[in-house]
Number of protein chains: 2
Amino acid sequence: MKETKEIQTEPYMHQYELNRLFPGEFKNQMKAYHFSKGDDLFTTGEELEELYFLVEGKIKIYTLTPEGKSLINRFKRPLGVIGDVEYVKGSPVINSVEAVTDGVMLAIPFADLKELEAMHPQVIRFLLETVAHKFYSESQATSMHMLYPVEVRLASYLLSISSDGEGTLFHQEMRTANLTELAEWIGTSYRHLNRVLKKMASEGTIERSNGIIQIKNLESLRTLANGNIYE
Amino acid sequence: MKETKEIQTEPYMHQYELNRLFPGEFKNQMKAYHFSKGDDLFTTGEELEELYFLVEGKIKIYTLTPEGKSLINRFKRPLGVIGDVEYVKGSPVINSVEAVTDGVMLAIPFADLKELEAMHPQVIRFLLETVAHKFYSESQATSMHMLYPVEVRLASYLLSISSDGEGTLFHQEMRTANLTELAEWIGTSYRHLNRVLKKMASEGTIERSNGIIQIKNLESLRTLANGNIYE
DNA sequence: GGAACGTTAGGACATATGTCCTTTCTCAAA
DNA sequence: TTTGAGAAAGGACATATGTCCTAACGTTCC
């Protein structure tokens with residue numbers, strides 16, 4: 001991820017209403033970074049020194065298993081905040097972050113943020129809200145993973161991206177590019193995802209060809225999802 | 001959980017330094033509640049109206065599986081904060097809470113807290129720290145569950161409660177009363193926990209009798225724990 | 001001392017899932 | 001048009017884990 005002077009931070013700060021959080025000379029402390037698809041942005045264990053705002057593009061937060069397999073915790077689109085927990089706790093990065101598309105981040109040094117807290121408590125409230133929301137989202141996702149088998153999770157995913165679930169940014173965020181990435185998102189092996197897809201196809205719930213999945217029986221899918229939907 | 005006038009809030013507020021967060025007349029808004037072992041304190045989906053501070057006793061936060069089985073997310077001892085995420089997000093309770101021992105909670109209404117935020121931003125910072133810490137702890141626990149089989153998780157648990165890991169409050173917090181509770185904490189069935197314990201006993205790593213586990217080979221346990229320790 | 005209940009321990013059967021690998025297909029580039 | 005790479009699809013084998021159930025043991029209460 002490269003810092004760049006070619007990107008104006010002001011349009012993004014305006015677009016995402018960051019000016020009210022970073023008044024006066026603090027907005028001048030904002031840097032802009034550009035990243036490219038596939039870039040490793042942050043690595044587990046790394047120490048951060050800035051708070052980041054994703055203002056363009058899509059990233060994924062993932063965990064590597066001991067076998068080197070990737071499990072996707074979350075996708076993110078603008079406006080996403082990265083480094084808030086690390087800032088508050090002073091601990092290293094928990095999960096790795098990779099660019100799914102090209103994009104832009106704004107960043108402000110932790111030192112400036114520290115100063116700003118004293119002068120402008122609204123920023124503390126903002127951070128509280130982002131961290132609380134993260135906790136909530138992560139809890140939901142964790143419950144899904146811990147409590148339901150792959151079939152239920154897949155049905156929930158398909159419901160989310162069907163026209164039924166579409167409309168929220170989150171659902172756009174979540175759409176995966178191929179079956180390998182879908183397996184990583186749902187938290188299973190590529191092989192097992194195929195078993196479940198095949199089973200759903202044989203039941204007439206979906207129809208698939210060459211990685212393209214078409215929902216044939218929405219009701220059946222709702223039943224399989226067991227009241228859950230990825231959100 | 002019953003509100004009680006028989007418990008003085010002031011000694012606890014002093015002991016846990018809550019006076020500096022709740023100055024002046026706000027400390028008078030604090031109520032005290034007593035609870036008994038086995039009480040259901042909060043239920044998933046319930047709407048809260050107060051922020052709670054656990055100042056005496058031990059509780060567990062748990063999730064019920066669709067089959068009605070219980071999975072323990074976390075134990076808590078004083079000073080624990082309950083309801084911070086629900087306060088910030090305005091969402092219902094995420095996980096159920098039950099008393100493991102008798103105990104006491106202090107509580108302040110969300111409405112008073114709202115007022116206090118404007119007058120005393122330190123309380124926002126306090127909440128930010130508690131939520132960030134929760135996020136961090138939950139992430140660690142989730143990783144443990146998602147990435148490692150029961151054998152590694154059990155070894156990590158045993159390492160934590162051995163004299164090696166002992167000393168922190170968290171490890172005391174985590175000690176379970178019987179094998180059923182340990183299975184719920186580690187996130188497996190009672191039957192499977194027994195398989196793994198039996199295997200460890202046959203390897204000479206532990207010795208067990210009547211639910212009592214004695215570590216025989218600390219090195220072997222460290223190897224099995226694969227660098228992990230419950231914390 | 002005996003009964004009742006909760007806990008410990010494990011057998012038998014089943015399912016979910018992972019790993020490793022091969023074949024086929026599709027798409028893009030030469 | 002051909003080639004190569006990546007993705008899709010699935011076979012074979014294995015392990016981890018869950019469910020249901022029974023027997024034995026220990027503790028508490030009558």
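Please read all numbers here as calculations on a predicted model, not as lab measurements. Below, chains carry the letters A, B, ... as their sequence lines are ordered, and counting in each starts from 1.
K60(B) contributes no side-chain N or O that, together with a main-chain N or O of W185(B), makes up a donor-acceptor pair within less than 3.5 Å. Formation of a donor-acceptor pair under 3.5 Å by the S162(B) side chain with backbone atoms of L159(B) is found in this model.
Distance from the side chain of R191(A) is smallest for dT19(C) among the nucleotides dA8(D), dA9(C), dT19(C). Of the candidate nucleotides dA8(D), dT19(C), dT19(D), dA8(D) has the atom nearest to the side chain of N178(A). Distances were taken from every side-chain heavy atom of P149(B) (C-beta onward) to each of dT8(C), dA8(D), dA16(D); the shortest belongs to dA16(D).
The side chain of S189(A) places no N or O atom within less than 4.0 Å of a non-bridging phosphate oxygen (OP1 or OP2) of dT19(C). Taking 4.0 angstrom as the limit, T188(A) places none of its side-chain polar atoms (N or O) nearer than this to OP1 or OP2 of dA16(C). Checking the phosphate oxygens (OP1, OP2) of dG10(D), a side-chain nitrogen or oxygen of K198(A) falls inside 4.0 Å. Between R208(A) and dA8(D) there is no side-chain N or O to OP1 or OP2 distance below 4.0 Å.
At a threshold of 4.0 angstrom between heavy atoms, the contacts of T65(B) with the nucleic acid are absent.
Here the CG atom belonging to N95(B) is positioned 12.0 Å from the CD1 atom belonging to I82(B), to the nearest 0.5 angstrom.
The two residues F53(B) and L51(B) make their nearest non-hydrogen contact at CZ-CD2, 3.7 Å.
Residue K69(B) contributes atom NZ, which lies 9 Å from atom C1' of dT17(D) at whole-angstrom precision. Taking atom NE2 of residue H192(A) and atom P of nucleotide dT15(C), one finds them 13 Å apart after rounding to whole Å. Summarising the geometry, the separation between CZ on R195(B) and C1' on dA12(C) is reported as 10 Å, rounded to the nearest angstrom. Taking atom CG on L179(A) and atom P on dC25(C), their separation rounds to 17 Å, with Å as the unit. Regarding L193(A), its CG atom lies at a distance of 14 Å from the C1' atom of dA16(C), rounded to whole Å. L224(A) places its CG atom 16 Å from the C1' atom of dA16(C), with the value rounded to the nearest Å. Taking atom CD of residue E151(A) and atom P of nucleotide dT17(C), one finds them 9 Å apart after rounding to whole Å. Protein atom CG of L182(A) is 14 Å distant from nucleotide atom P of dA7(D), rounded to whole Å.
The base of dA9(C) lies close enough to the side chain of Y190(B) for a donor and an acceptor atom to sit less than 3.5 Å apart.
Between the side chains of T43(B) and S96(B), not a single donor N or O lies within less than 3.5 Å of an accepting N or O.
Residue whose closest nucleotide on DNA chain D sits further toward the 5' end, between V196(B) and I212(A): I212(A).
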